[in-house]
Amino acid sequence: MPEALTTRIDRALTAVKNPRTGTNVLSSGQVCDVATTTDGKVRLTLLLAANDDATIARSVRQALEAVDGVTDVRVDVKDASQAKAAQAATAAPKRAALPMMEQPAAAPRVAAPTPVTYPQLGKVIAVSSGKGGVGKSTVTVNIAVALAKMGKRIGIMDADIYGPNIPRMMGVNAPPPVEDEKIMPLEAHGVKLISLGFLIERDQPAIWRGPIVMKIITQFLRDVNWGQLDYLFVDMPPGTGDAQLSLVQATQVNGAVIVTTPQDVAVGDALRGAKMFERVGVPVMGVVENMSYFESPETGKPLAIFGTGGGKRLADELGVPLLGEIPLYPPVLVGGDSGTPIVVADPTSTAAKKLTEVAAKLIA
Ligand SMILES: Nc1ncnc2c1ncn2[C@@H]1O[C@H](COP(=O)(O)OP(=O)(O)OP(=O)(O)O)[C@@H](O)[C@H]1O
Ligand SMILES: [Mg+2]
C-alpha cells in the first residue's frame, strides 16, 4: 500500500525546526489543526510567539509544498499567546463557545470584497512563482528599474509579507513619511516603492493572518501616494496563499508574470501558481526562466548545468510567450545584496540585457 499523504505531511513537518527552541514544529505543538483534503490541499495553524522568527511560516509552507501529492498549502498564522488565552477562555464552558442563533458569530466571515480599480496605479502586474527562491524579487526590481530607465513611471509593491526583500535589493530602508494621511513611497533607481520591510522592525515577527494581509495590501494600493504610475509591479510571496488571493480581491490585476527555474519540479509548482491566476481571470502575460544556465563572469561562457527547457515547456503549456531566459550570473546576486540591481550595476552584461528585453516585451 502506498504511504498515506498524512504520514508524508507529518514527516515533512517534523523536519522543520524552530530555530529558537530547537524542537520541531509538529511535536512541540506549534503546528496544529492540520487538515488535509483528498485532492492534496493542506491547511494548518501555526502558532508564533512574539520572539519567534516569522520565516518559520515560510519554512513550513515550503516543506509542505515539497511533499508529493500536496497541491495547495494554507498556513494560518496565529499569535501563540492569544491562541492560548482564547483556549483557556473557552475551555471551561465548552458549549458557550459556539455562537447561538440570536448572536452574531464571533468571527463573521468577511465577504470577498469587489476589486476596486485605482486608475493612478496604471497597469497592475503581479510577479509570482510556485516555489520560493527562484528570483521573483530579482526579476521584479530589474524589470522595474529597466522600465524606469526607459522613461516609464513605475512603482513596486512588495507583497511578500513573510520575507520582504525589495528594500535590500533596491538599497533603501527607512520609514516612509506620511503626508496628508497618505504614506509617501520611497524612491530608488527612479522607481517608487513600498514594502512591509519599511514598516516593521527587521526582526519583529510578522503575525499576518488572512484578514490582516488583505488590509495591508489594500492600504498599500489605496493609502500610498503613488502619484500617477504607468505600471505597478507586485512582488508576491511564493505559492498561492493569502497575498495572491488578497491582491486579486482588492484590485483589478492586469496580468501576471510567472518566474521559474529550468528544473521540472519548479515548473510543476509554477504551473499551479499560474493556473491560480487564470482561475480568477488574471491573464498570464508570460514566463521568465531564471538561472537558466551559468554564465561565468571570468570567461562570459554559458554553461547549461541545470537542465534546460523548463521555462519553454511551462510557457507552451500555458499558451503564453517565454519572455526571457536569464543566466545565473554571480554579479546579479551581488547587485541584489548591495542594493544596486544588475541593470544599473552592469547594464552591458547578458543578464542585464535579457532582463531589459523582458521589460520591453512586457509593455509591448
Ligand atoms: N540570475 C541570477 N543570477 C545570480 N543570482 C541570482 C539570480 N536570480 C536571483 N539570484 C539570487 O538568488 C537569490 C534568490 O533570488 P530572489 O530573492 O530574487 O528570489 P525570490 O523568488 O524572490 O525568493 P523568495 O521566494 O524568497 O521571495 C537572491 O540571493 C538573488 O540575488
Ligand atoms: Mg522575493
Side-chain angles (χ1 to χ4, degrees), residues 1-49 52-80 83 128-137 159-165 205-213 235-247 258-261 263-277 279 310 314:
M1 209 179 89
E3 188 184 39
L5 179 60
T6 49
T7 313
R8 293 200 295 276
I9 288 173
D10 284 356
R11 178 151 18 87
L13 288 172
T14 336
V16 181
K17 286 215 167 59
N18 181 335
R20 183 173 61 87
T21 60
T23 52
N24 80 66
V25 294
L26 189 66
S27 55
S28 63
Q30 194 172 8
V31 158
C32 52
D33 306 336
V34 183
T36 316
T37 63
T38 45
D39 60 346
K41 293 200 177 81
V42 188
R43 184 176 176 167
L44 56 82
T45 303
L46 173 71
L47 302 177
L48 270 192
D52 274 338
D53 182 348
T55 55
I56 303 174
R58 164 171 296 182
S59 312
V60 167
R61 175 188 296 282
Q62 283 175 346
L64 291 179
E65 281 173 349
V67 171
D68 190 32
V70 168
T71 54
D72 188 47
V73 178
R74 173 155 173 192
V75 178
D76 292 324
V77 177
K78 283 197 180 149
D79 183 332
S128 198
S129 74
K131 256 173 80 130
V134 299
K136 281 176 304 301
S137 304
D160 193 343
I161 42 196
Y162 300 112
N165 47 23
I207 311 267
W208 315 121
R209 293 201 264 148
I212 301 179
V213 173
D235 183 26
M236 307 301 296
T240 52
D242 285 341
Q244 278 78 359
L245 201 64
S246 298
L247 180 70
I258 308 295
V259 181
T260 186
T261 56
Q263 297 91 333
D264 262 327
V265 44
V267 172
D269 292 326
L271 185 64
R272 279 198 286 279
K275 292 271 182 219
M276 180 235 133
F277 281 105
R279 268 202 304 279
L314 176 66

Look only at the side chain of [X] and the backbone of [Y], and say whether a donor-acceptor pair between them is shorter than 3.5 Å.
X	Y	answer
Arg272	Asp72	no
Gln244	Pro237	yes
Thr71	Gly40	yes

Looking at every heavy atom in both [X] and [Y], which two are closest together, and how far apart are they?
X	Y	result
Glu65	Gly130	OE1-O, 3.8 Å
Ala12	Leu64	CB-CD2, 4.5 Å
Leu47	Gly29	CD1-O, 4.0 Å
Ala243	Ala159	CB-O, 3.9 Å
Ser129	Lys136	OG-NZ, 3.1 Å

Gap between atom [atom2] of [Y] and atom [atom1] of [X] - 0.5 Å precision:
X	Y	atom1	atom2	answer
Met236	Ser246	CE	OG	8.0 Å
Leu13	Asn24	CG	CG	8.5 Å
Asp68	Ile9	CG	CD1	11.0 Å
Ile56	Arg61	CD1	CZ	14.5 Å
Asp269	Leu314	CG	CG	10.5 Å
Leu44	Arg74	CG	CZ	10.5 Å

Side chains of [X] and [Y] in contact at under 4.5 Å (non-hydrogen atoms):
X	Y	result
Gln30	Leu46	yes
Val42	Val34	yes
Val31	Val16	no

Tell me, with the steps shown, if Asn165 and Asp235 meet side chain to side chain contact (heavy atoms under 4.5 Å, CB included).
CA-CA 10 Å; Asn165 47 23; Asp235 183 26; 4.1 Å; yes
Checking side chain to side chain contact (heavy atoms under 4.5 Å, CB included) for the pair Thr36/Val70: CA distance, chi angles, key distance, verdict?
CA-CA 9 Å; Thr36 316; Val70 168; over 6 Å; no
